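Have a look at the structure below, then the notes.
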Protein chains: 2
Amino acid sequence: MSVKQSYTGPVTTQASDLEQPGVEDLTLADVMHALGDRARLEIVRSLHVDGERQCGSFDLGLSKATRSHHFKVLRESGITNTRIEGTARFVTLREGDLEARFPGLLPAILNAAVADA
Amino acid sequence: MSVKQSYTGPVTTQASDLEQPGVEDLTLADVMHALGDRARLEIVRSLHVDGERQCGSFDLGLSKATRSHHFKVLRESGITNTRIEGTARFVTLREGDLEARFPGLLPAILNAAVADA
DNA sequence: AGGACTGTTTGACACTCATCGAACAATCAG
DNA sequence: CTGATTGTTCGATGAGTGTCAAACAGTCCT
């Protein structure tokens, strides 16, 4: 129902977050579906290791249009948060929200992602 | 690579297993993809609770053709085992195999399935 | 042999998805 | 203002998906 509005603090340039589902709206099927793709799984794995990253910093062998698509799927399924800063987009894993909604799920998936490699 | 061939013991009627991927061939993306569907998620949840069940015993509000399709997806992704006995098909979760390949993943998903309900 | 029962396969349909190039939008540096 | 940079959106395309009814295939029972 709700749309998150996290305060990112005062910045010189305009900064805000892209729309994303509230914690209570996350569904398991949506999350699983979003993660049923190699590229998105790789993005999530990287985000866990590196923390916040700029969208363009991912080299997945895909066009920027396709990359943008994957980031949108991840955000709309509630897995990631996207912060806008200038022309750049910074993506983070919503680890806390996911843990609150589905305790232990993300850690298990991240662990499996290692075993999968 | 390998195709599992679990021994189901001597029976009066012919009994065998449908083909399924070997443990080492399971991929995280395939598993996640198979679980990115409400009907299949419900099947998996039920299998965990009830143990082995006959395919026809599931009432998901779907035609038998569609049900058959979902069981096929689950089997081919390595999540379930299907045992043939007469005209019936008995399905089980490959909990041991999944645990060996992706430790902790299935329990976390099953737990999340409860939180999702 | 003939039915009854369980499940698969086939063919069809509408819909979704991953992918790309190209056009567009917004911001920043000169 | 002009470019350059970063990403999104649009339109297209080919592949895949969930769904069903109908036909088919085994197996069991009488």
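We name chains A, B, ... by the order of the sequence lines, and we start the count at 1 in each one. Since the structure is predicted, the reported quantities are computational estimates derived from the model, not experimental observations.
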* Take nucleotides 15-22 of chain D nucleotide by nucleotide from the 5' end and write B, S or -, depending on whether a protein heavy atom sits under 4.0 Å from the base, only from the sugar-phosphate, or from neither. => --SSBBB-
* Structure fact -> 5'-most contact on DNA chain C (nearest-nucleotide basis), A:Thr87 vs B:Phe90, goes to B:Phe90
In whole Å, I'd like the distance from the [atom1] atom of [X] to the [atom2] atom of [N].
{"X": "B:Ile84", "N": "C:dG7", "atom1": "CD1", "atom2": "C1'", "answer": "10 Å"}
{"X": "A:Lys72", "N": "D:dC10", "atom1": "NZ", "atom2": "P", "answer": "8 Å"}
{"X": "A:Glu85", "N": "C:dT27", "atom1": "CD", "atom2": "C1'", "answer": "12 Å"}
{"X": "A:Leu74", "N": "D:dT8", "atom1": "CG", "atom2": "P", "answer": "12 Å"}
{"X": "B:Arg89", "N": "C:dC5", "atom1": "CZ", "atom2": "C1'", "answer": "12 Å"}
{"X": "B:Arg83", "N": "C:dT8", "atom1": "CZ", "atom2": "C1'", "answer": "18 Å"}
{"X": "B:Phe71", "N": "C:dT6", "atom1": "CZ", "atom2": "P", "answer": "14 Å"}
{"X": "A:Phe58", "N": "D:dT8", "atom1": "CZ", "atom2": "C1'", "answer": "17 Å"}

* Asked: Is there a residue in residues 42-56 of chain A whose heavy atoms reach under 4.0 Å of DNA chain C, and which residues are they?
  -> none
* Structure fact -> Here the pair of heavy atoms bringing B:Cys55 nearest to B:Arg67 is O-NH1, 4.1 Å
Is there a side-chain contact between [X] and [Y] in this structure, where contact means two heavy atoms from C-beta onward sitting under 4.5 Å apart?
{"X": "A:Asp116", "Y": "B:Leu26", "answer": "no"}
{"X": "A:His69", "Y": "A:Arg40", "answer": "yes"}
{"X": "A:Leu47", "Y": "A:Thr92", "answer": "no"}
{"X": "B:Asn81", "Y": "B:Gln20", "answer": "yes"}
{"X": "B:Arg75", "Y": "B:Thr80", "answer": "yes"}

* B:Glu42 backbone acceptor or donor facing B:Ser46 side chain under 3.5 Å -> yes
* Asked: Among A:Val73, A:Ile43, A:Leu105, A:Leu74, which one satisfies side chain to side chain contact (heavy atoms under 4.5 Å, CB included) with A:Leu35?
  -> A:Leu74
* Could you tell me whether A:Arg53 atom CZ has more than 12 heavy atoms of other residues or ligands within 6.0 Å of it? => yes
